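Read through the structure below, which is laid out as C-alpha cells, and then see the notes.
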Amino acid sequence: MYIRDFKEPPQSLISDRKAEFGTYAGVSSKIDIKGMFAPYAGIPAPQIISNLRIKGRLSYVFSTDAYIGKASFIDFKLIGLAEIIFWSRESGKKYVYRMVMPPRRRFIPTLTTRGICASYRKSRFLKISWGRVHQHHALTFKMKGDGARPDAEGYFYSPMSDDMHCDVMSVCPSPASSRCSATWLASMSISGHIALSREKTDDSEGLALMYLNRTYFKLHSKTTMIYGLGSAGERKIVFLIKTSNMDAADCDTYNDNTLFVDGTPTALPPVYITHPFGLDDKWIIQDTENMIDLMFMPASRHSKTLNLVALRTSDDNIFGHFDGVLLTKDGEKITLKGFPGIIHKNLLRL
C-alpha cells in the first residue's frame, strides 16, 4: 500500500539556497520559495529575474447543501486576477464574477499566521482571510450584477478549533530539484450563506478547502486540479488530486494529493486522469496503488480564455459528481456515490 509520511514542517522552506522537500503535518510560518540557486537551466541569474517566474495561486473551494464553488486569486506579478464561480447544486446553474487587479506590492500573502487577499473594487469585492490569533478562515464577497447575472453576496466562516480543520504542506521539486513548488492545504467545516439579488437566507453548514501555492513556473504550463467536498455516510470528506507538467520527476515521493477524512489526512499517490469522450463526458481518475478509483460525471462547465500582451491563460471549471472508491492510510474504504466536486483545467503561457 502506498505510504508518504508526514514530517514536522521546517522553519524555512529554503535553506542554504536549497528547498526542504517533503510532505508535512502542519505548515511553516511562511510559504516563500525565493532564493533558490540558479533555478533555470543552472544559470546563476540575478534573483530579481528568477523571482519574477514565481507565480502564486490562492483558492477557496466550498460546498454547502445549496451551492458549490471556488473563489481564487492568481498573482502574475504585474497584474492579479480574481474570480468567484459557484453553481446551484439543484439546477446546475452557474454564476461567474471576474476581476483584474492593478499592480500592487504583493497580491497573495506569504504569511500563514495571518493574511488577507482581496479585490477591493466596489462592484467586485472578494476577500479570503485567515488568522492564528482569531483562529479562523473566512471568505467574503459582494458582487454587483449586470444583464447576465444577479447581484450576489456571501460569507463563510470556519473556526480553527473545529475537528475538521487540518493543515498540511508539501514542498516538491518542480520538476528538477533546482526549482520547487510549495503548497499549503487547509480543510475545514464552514458556516455561512450565499444570497442572490439581496434575498434573505439563513446560514447553512458545509465543507471547504483552502489551497495556497507558489511555484517556479514554466513558460508553458498545464495543470488539472480535482476537488471533492461532501459526506460519505457519517464521514466528512475533502480531497485534492492534482497533475501538471511541473510535477516532480519522482512524483511517488513528492506530490500534493491529499485526502481528509474527519480532519485526518492521508497522502495519496499520483494519478492518471483521462476523459476519452471530451471534457463534458465521463472522466476517469485512477492510480497504480489501488487507493484511487473514481469516475467523474460533469454537470456544468464554464470555459474562458484571457489574452493580455505576453500572458495567455485558458481555464475550464467543471462542476459534477464522483462515483468510486478512495482508501485511507489505514486501509478504510471510502465509497463515493453522487459525491459533489469541481475539476479545474488550466493552460498558461507566459
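Counting from 1, the numbers follow the sequence of the chain as shown. Just so we're clear, the structure is a prediction, and the values are computed from it rather than from any experiment.
The aromatic rings of Tyr120 and Phe125 sit tilted, their planes meeting at an angle between 30° and 60°. The aromatic rings of Tyr155 and Tyr157 lie parallel to each other, their planes meeting at an angle below 30°, with 60° marking the opposite boundary. The aromatic rings of Phe86 and Tyr97 lie parallel to each other, their planes meeting at an angle below 30°, with 60° marking the opposite boundary. In this pair, Trp283 and His275 present their aromatic rings tilted. The plane angle is within the 30 to 60° band.
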Checklist entry - Does the side chain to side chain contact (heavy atoms under 4.5 Å, CB included) test come out yes or no for Leu58 and Tyr211, once each step is laid out? => result CA-CA 6 Å; Leu58 172 64; Tyr211 166 91; over 6 Å; no
Item to check | From CA spacing to verdict: side chain to side chain contact (heavy atoms under 4.5 Å, CB included), Leu209, Leu207 | outcome: CA-CA 7 Å; Leu209 178 71; Leu207 296 170; over 6 Å; no
Item to check | From CA spacing to verdict: side chain to side chain contact (heavy atoms under 4.5 Å, CB included), His137, Met160 | outcome: CA-CA 7 Å; His137 289 268; Met160 292 185 179; 3.5 Å; yes
Item to check | Full working for side chain to side chain donor-acceptor pair (under 3.5 Å) between Asp316 and Ser303 | outcome: CA-CA 4 Å; Asp316 291 284; Ser303 301; 2.3 Å; yes
Checklist entry - What do the steps show when you test Val61 against Leu229 for side chain to side chain contact (heavy atoms under 4.5 Å, CB included), and what is the final call? => result CA-CA 8 Å; Val61 187; Leu229 308 94; 3.5 Å; yes
Checklist entry - What's the verdict on salt bridge (charged side-chain N to carboxylate O under 4.0 Å, His left out) for Asp256 and Lys242, showing C-alpha distance, side-chain angles and the deciding distance? => result CA-CA 7 Å; Asp256 297 335; Lys242 173 186 172 185; 3.2 Å; yes
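Of the possible donor and acceptor atoms, none in the side chain of Ser63 sits under 3.5 Å from a partner among the backbone N and O of Ile68. Checked by atom type and distance alone, the side chain of Asp247 pairs as donor or acceptor with a backbone atom of Ser244 at under 3.5 Å. Remark: the backbone N or O of Pro269 is not paired with any side-chain donor or acceptor of Asp287 at under 3.5 angstrom. At least one donor-acceptor pair closer than 3.5 Å links the side chain of Asp146 to the backbone N or O of Ala148. Side-chain atoms of Arg214 never come within 3.5 Å of backbone atoms of Thr183 as a donor-acceptor pair (strictly under, hydrogens ignored). A donor-acceptor pair is defined here as one N or O able to donate and one able to accept, closer than 3.5 Å; such a pair exists between the side chain of Thr112 and the backbone of Ser28. A donor-acceptor pair under 3.5 Å links the side-chain atoms of Arg4 to the main chain of Asn255, judged by distance alone. Of the possible donor and acceptor atoms, none in the side chain of Arg349 sits under 3.5 Å from a partner among the backbone N and O of His220. Judged by distance alone, with hydrogens and angles left aside, the side-chain atoms of Ser119 form a donor-acceptor pair with the main-chain N or O of Arg124 at under 3.5 Å. In this structure a side-chain-to-backbone donor-acceptor pair under 3.5 Å is missing from Asn51 to Lys34.
When all heavy atoms are compared, the tightest approach of Asp32 to Leu13 is O-CB, 3.7 Å. Scanning all heavy atoms of the two residues, the minimum distance from Trp130 to Leu212 falls at CH2-CD1, 3.9 Å. The shortest heavy-atom contact between Tyr216 and Arg179 is CB-CD, 3.6 Å.
Neither side chain, Thr305 nor Asn307, offers a donor N or O lying under 3.5 Å from an acceptor on the other.
Ile241 and Val238 fall into different hydrophobic clusters, where Ile, Leu, Val, Met, Phe, Trp and Tyr are joined by side-chain heavy atoms under 4.5 Å apart, directly or via other members. Note: the hydrophobic cluster containing Phe319 does not contain Ile237 (ILVMFWY, side chain heavy atoms under 4.5 Å, direct or indirect links). No continuous path of ILVMFWY side-chain contacts below 4.5 Å connects Tyr67 to Ile85, so the two sit in separate hydrophobic clusters. By the criterion of side-chain heavy atoms lying less than 4.5 angstrom apart, applied directly or through intervening Ile, Leu, Val, Met, Phe, Trp or Tyr residues, Met225 is grouped together with Val96 in one hydrophobic cluster. Taken together through direct or relayed side-chain contacts under 4.5 Å among Ile, Leu, Val, Met, Phe, Trp and Tyr, Ile190 and Leu126 form part of one hydrophobic cluster.
The pair Asp280-Arg301 meets the salt-bridge criterion, with a side-chain N (NZ, NE, NH1 or NH2) lying under 4.0 Å from an Asp/Glu carboxylate O.
Inter-residue side-chain proximity for Ile33 and Ile54 is flagged as met; some heavy-atom pair is nearer than 4.5 Å. Side-chain contact between Leu347 and Lys222 is present, with at least one heavy-atom pair separated by less than 4.5 Å. In this structure, the side chains of Val271 and Gln286 stay at 4.5 Å or more apart for every pair of heavy atoms. Taking the side chain as every heavy atom from C-beta outward, Ser72 and Tyr60 never approach each other to under 4.5 Å. Looking only at side-chain heavy atoms (C-beta outward), Ser59 and Met210 stay at 4.5 Å or farther from each other. Taking 4.5 Å as the limit, some side-chain heavy atom of Phe260 sits within range of a side-chain heavy atom of Met164. Annotation: side chain of Asp323 is not in contact with side chain of Leu294 (no heavy-atom distance under 4.5 Å). Counting only heavy atoms from C-beta outward, the side chains of Ser221 and Asn245 approach each other to under 4.5 Å.
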Could you go through residues 192-202 and list every donor-acceptor pair under 3.5 Å that involves a side-chain atom there, pairing it with any protein atom two or more places apart or in another chain?
{"unit_1": "His193", "atom_1": "ND1", "unit_2": "Asp203", "atom_2": "OD1", "d": "3.3"}
{"unit_1": "His193", "atom_1": "NE2", "unit_2": "Glu153", "atom_2": "OE2", "d": "3.1"}
{"unit_1": "Glu199", "atom_1": "OE2", "unit_2": "Leu196", "atom_2": "N", "d": "3.4"}

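Listed by chain and residue number, nothing satisfies the ring-ring contact (aromatic ring centres under 6.0 Å, His included) test with Phe217 (two or more places apart in sequence, or in another chain).
The structure places OG1 of Thr313 at 5.5 Å from CD1 of Ile74, a figure rounded to the nearest 0.5 Å.
Among residues at least two apart or in separate chains, side-chain hydrogen bond (donor to acceptor under 3.5 Å, both in side chains) pairs with a member in residues 325-335 are Arg235-Glu332.
A centroid separation of less than 6.0 Å is found between the aromatic rings of Phe322 and Phe239.
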